[in-house]
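So that the names make sense, note that chain A is the first sequence line, chain B the second, and so on, each numbered from 1.
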Amino acid sequence: MPSPARLLRRHVEHRPSPDGPAVVLEEVVKTYGGGVRALDGVSLVVPRGSFLSVMGPSGSGKSTLMHCAAGLDTPTSGRVVIAGHQISAENENRRTELRREHVGFVFQSYNLVPSLSVADNITLPLRLAGRQPDEAWVRTLVERVGLTARLGHRPAELSGGQQQRAALARALAPRPAVVFADEPTGALDLRTAREVLGLLRDLVGEFGQTVVMVTHDPAAAALAHRALVMADGQVVATLDAPTAADLAGRLVALGGE
Amino acid sequence: MLSLSIGMARHRVAALIAVFCAVLGGAALVTATGVLAESGLRSHLPAGRLAGADVLVSADQTYHPPEDLPIGLPERRPVPAELVGRLGRLPGVAAAVGDVSFPAAVLDAGGTPVSVGHPRTAGHGWSSTRLLDRVEVDGQAPGGPGEVALDEATAAAAGVRPGDEVRVVVAGRTSAFRVAGVVRAPGAGILVTDPTAARLAGRDGTVDLVGVRAEPGAAGSVAAAVRAELRDSGLVVATGADRGDAAEPGAAADRSVLLVLAGSLAGVILLVVGFAIAGAVAVSVAAQRRELALMRAVGATPAQIRRLAAGQATVAAIAALPPGLGLGYLLARQFRRLDVVPPELPLTMSPLPAAAAALLLVVAVQGAARGAAWRASRLPATEAVAESRTESRTPSRARAAVGLALIVAATVLAAAPLLLRSAFGVAGTQVAGMLGGIGLALAGPLLARWVAAVVAGRLPARVAAPTWLAVANVRGYSQRFAGNAGALAMGVVFVLTYSLAQTTLLAATSGERQAGTPAQHSIDAPALGALPADVLPAVRALPGIRAAAPVGSTTVLWPHRELGDEAVDAQEALVLDPDAAGVLDLGVRDGSLAGLTGATVAVAEDVVRSRGAALGSSVRLILGDGTPVDARVAAVYGRGLGFGPVAISADLAAGHLGPAPDRSVLVRTDGSPEADRGLNELAATRPGLAISTPDGSAGVPPELRINLAIVVVLLGFLLLSIATKLVAATTQRRTEIAALRLTGATPRQIQAMTRREAGLLAGAALLGGLVLSAVPLILVGIGFLDRPWPAGPVWLLPAAAVAVVVTAFATTELPVRRALRIPPAAALLSPQ
Ligand SMILES: Nc1ncnc2c1ncn2[C@@H]1O[C@H](COP(=O)(O)OP(=O)(O)OP(=O)(O)O)[C@@H](O)[C@H]1O
Ligand SMILES: [Mg+2]
């Protein structure tokens with residue numbers, strides 16, 4: 001298997017390539033005021049169509065990794081390339097455009113726009129990009145997440161699970177290169193959480209969607225093709241086709257949970 | 001982390017600053033009005049010249065209408081002279097003196113009147129010196145009709161010493177006197193022997209007032225004895241600070257002016273302050289919404305929620321009170337400078353207005369906060385949490401209904417100028433504007449949602465995302481949008497209706513006066529206290545004079561029934577001779593001014609019907625000194641706005657306007673240069689005469705000055721409170737903006753969106769403000785100027801528009817820029 005650095009070089013040479021990896025991180029460092037080194041030289045390649053889960057104790061830098069990888073935040077040093085575009089080198093306007101084009105998010109708090117209906121929320125990224133929504137695709141998505149009857153409602157009128165499913169549909173509507181999900185089920189009860197997770201995995205299978213997901217639940221993480229374990233801002237382990245028991249063991253070894 | 005928490009608190013701070021500013025300005029305005037009102041009730045002139053008297057006895061210089069505050073009577077009503085002897089015999093009395101005043105002015109060597117004090121009341125009898133605080137005399141008392149004593153300042157100004165000759169104009173007649181003595185006491189005036197004084201003052205068996213000096217230590221018992229002696233006489237026994245009123249009857253009347261002023265300001269000030277406070281508090285409660293909903297979820301009762309909501313706003317209010325109240329006293333002093341009352345009348349500075357204002361504002365803030373939190377506090381806890389991130393889906397219909405009812409009521413009120421061509425009609429216009437503004441603020445949310453829904457439905461499918469979002473936001477946050485638009489619209493309505501109604505009234509009044517005054521010149525003698533009687537024949541004898549007639553003014557009360565209630569207020573009335581028609585054209589419709597002989601009056605046609613005053617009928621008036629009279633209506637005139645509702649004949653006024661009525665002579669010439677030259681020569685050769693243009697074109701009247709000052713002050717206050725409210729409202733949108741950015745909106749798109757919202761806001765505010773102002777202003781134009789638009793500065797409208805646009809854009813642009821500086825990931829961390 002080629003090293004991340006080599007992969008990256010190859011990728012940079014022929015960018016943007018539709019077949020290249022969805023996301024590449026090279027030596028990403030993020031320090032916050034007060035000298036906290038939240039990311040300490042993380043390199044990472046997420047191939048298209050893959051499902052990657054990220055685990056680690058609280059404060060290990062998972063959210064920071066997601067934010068930097070998604071272009072929500074700029075790394076202190078290092079590079080982030082999404083679908084062939086070096087997003088870490090762009091200004092905020094351009095970063096937003098790239099994000100809109102290539103990245104979807106699902107967060108623990110659903111971050112739906114409260115004043116808009118579910119339908120308007122789902123098509124909002126397309127509207128902002130000035131793109132005409134692909135009606136058939138949006139209808140498929142809405143059906144798939146089971147919100148067909150709820151399109152006219154406002155987020156406040158939906159249950160937590162429904163809101164998260166709407167957020168999922170919104171993330172997928174522009175057919176992004178990658179969807180980042182930071183503890184997407186953290187605010188949901190167990191049954192609903194399983195439902196949403198199942199949906200996420202099915203979407204990866206059915207539509208070949210690339211997904212990067214942070215979770216504290218080893219069973220959830222085990223649904224992914226590959227799992228990263230983080231500690232103190234570094235990737236300390238990479239497990240292919242992980243099992244829940246494996247992951248739980250790793251975490252216990254780190255003294256996390 | 002610290003910066004983050006400050007960032008999180010910032011939206012709350014902005015809201016609290018809004019409350020602080022609203023309360024600060026409100027406290028200042030209410031306190032200032034309170035100071036004026038209190039001074040109108042309790043302020044006293046210093047007793048001045050008569051400060052040495054322990055007790056002053058005078059007639060009651062007030063009229064007591066049934067069930068209303070007393071009205072000051074400016075013309076002196078005399079008391080019987082026999083009182084002097086009666087009071088002098090009471091035990092403990094050192095001296096009882098009957099005091100009279102008459103117009104007098106000393107001429108200097110060049111024949112120019114010396115200006116010291118008030119010439120209208122400068123002359124007195126010698127015995128009044130016994131009431132002076134401390135008397136030292138160079139020379140001696142005047143011993144005969146040809147002798148005079150002067151106070152030190154007058155003597156110095158005229159350059160005379162005891163033994164010199166001096167010319168004195170007494171009641172308009174110039175004669176030579178020998179200076180017998182100089183009195184070292186300020187304000188003692190021009191003193192002649194008592195019999196001469198009585199003759200010059202035209203008094204027979206009466207005096208202005210009686211001053212009583214007590215033996216040392218007996219002041220209290222003497223006052224009690226005088227009171228007992230005069231029980232049931234209707235006379236007023238004044239001691240201490242009250243003596244100022246007895247010494248100067250005009251003071252009580254001037255005080256009434258202060259009270260009327262405070263009353264007329266109170267309405268608009270309370271409305272504007274209430275509006276600003278309600279707006280600021282609503283924003284502050286909105287900032288707390290999430291927190292309140294969570295409190296509700298953990299078991300706080302609705303009443304506790306409302307108390308919590310009120311608590312934060314009240315803390316900001318209480319912090320604003322001390323500086324605000326202090327500012328109020330300074331503001332009152334500034335208002336005082338606008339010369340609505342004579343400079344001697346002091347303001348009463350007690351803590352009372354501050355206490356009242358503090359109470360009023362705290363109650364207002366508490367009420368507004370509880371009202372704003374009412375809905376959230378009553379919702380089931382779960383719904384409260386769900387709703388706390390956004391606004392409720394349906395703005396209250398009851399609120400909108402009340403708002404629409406207010407707008408309808410305002411429209412009805414706006415018709416006032418059609419019925420009342422007076423300051424009351426204008427007040428109708430002004431209150432109509434304010435009520436309409438409040439109505440709009442109440443009905444706004446439903447209106448905004450409805451309009452935005454219609455617009456959203458009509459938007460082309462391919463409209464730019466920021467535009468689409470802006471419209472969606474107006475719809476989704478209709479309460480916030482309408483609150484902001486309503487506040488700005490209120491500013492527009494206030495400026496337009498309040499100032500244009502005022503300028504329209506002024507234009508109509510001065511227009512009528514000008515049209516009604518064919519005389520080109522007015523001659524009077526302010527430095528002499530009274531116009532010499534021989535001026536009139538001298539003027540009439542000049543070449544090129546078409547007409548000359550004396551015109552005076554006094555105050556009359558006209559009790560009448562208004563809406564079934566007894567109503568009476570002090571009114572300025574012209575005092576006219578039968579030949580006034582030559583110099584004044586009141587627009588006589590019926591009868592003739594030539595009939596103004598004996599007990600007759602002329603009345604304006606506006607009041608003929610309402611007060612039963614048709615030609616030939618008899619009306620009952622109360623003259624300026626309190627004497628009730630029955631007078632026949634000799635003429636009905638049309639120019640009531642310019643000349644007031646009633647004019648009385650000189651015969652009727654005679655004897656009720658003091659010793660020598662203060663009148664000017666109006667002169668109509670043939671317009672030839674000879675006529676003007678003749679008049680100027682006449683003025684040059686006689687001491688103290690002044691020729692001016694008859695009023696109408698004369699300067700800005702004090703009421704207008706104070707009204708314009710109020711517009712400026714209130715506008716500043718409104719703008720400040722609107723701006724802080726808008727900034728607070730925009731600052732609260734941080735989470736909303738973060739959510740949009742996480743969904744893929746670029747900072748540029750967010751800015752485009754908020755700019756479009758600002759545009760919609762300014763547009764809605766201008767449209768609402770203009771529509772609401774249009775009806776009252778059209779009606780005030782029709783009512784006063786017979787044309788469907790008001791009079792006033794044309795730049796007002798564009799200036800208001802620019803102010804609205806600038807405020808709308810500046811107050812969104814800056815907080816949005818600040819919100820955009822935070823990376824979207826950081827916004828994620830802050831609580832919703
Ligand atoms: N805005 C910030 N300013 C300063 N330090 C920060 C900031 N955000 C995160 N940190 C710090 O960076 C480190 C990594 O934080 P991060 O949120 O990435 O952890 P995490 O792995 O997502 O934890 P959790 O599982 O609890 O969500 C922590 O030590 C945190 O305190
Ligand atoms: Mg995290």
Point to revise | Within 6.0 angstrom of A:R94 CZ, more than 12 heavy atoms from elsewhere | key: yes
- Check the pair B:L469, A:V113 against side chain to side chain contact (heavy atoms under 4.5 Å, CB included), reporting the backbone distance first and the verdict last. CA-CA 11 Å; B:L469 273 173; A:V113 178; 5.7 Å; no
Applying side chain to side chain donor-acceptor pair (under 3.5 Å) to B:E757 and not counting sequence neighbours gives B:N473, B:R733
The complete set of ring pair (Phe, Tyr, Trp, His ring centres under 6.0 Å) pairs with one or both residues in residues 742-764 of chain B, sequence neighbours excluded, reads none
Residues passing the ring pair (Phe, Tyr, Trp, His ring centres under 6.0 Å) test with A:W137, sequence neighbours excluded, are A:F207
* **Side chain to side chain, B:W468 and A:L124, heavy atoms closer than 4.5 Å** => yes
Most contact-rich option vs chain A, by heavy-atom pairs under 4.5 angstrom, among B:A465, B:P747, B:A464, is B:P747
Bottom line for A:E101: the part with an atom under 4.5 Å from chain B's heavy atoms is neither
Answer key: most heavy-atom pairs under 4.5 Å with chain B among A:R95, A:R100, A:E97 is A:R100
Taking every heavy atom of B:A739 against every heavy atom of A:L112, the minimum-distance pair comes out as CB-O, 4.4 Å
Taking a cut-off of under 4.5 angstrom between non-hydrogen atoms, the residues of residues 167-183 of chain A near chain B are A:R170
_CG/A:D232: more than 12 non-hydrogen atoms of other groups inside 6.0 Å_ = no
Q) Do the non-hydrogen side-chain atoms of A:T96 and B:R741 ever get within less than 4.5 Å of each other? A) no
Tell me if a side-chain donor or acceptor on B:Q749 pairs with a main-chain N or O of A:L128 at a distance below 3.5 Å. yes
4.5 Å side-chain heavy-atom contact, B:L742 and A:R99:
no
Applying a strict 4.5 Å limit to non-hydrogen atoms, the region of B:L820 in contact with chain A is neither
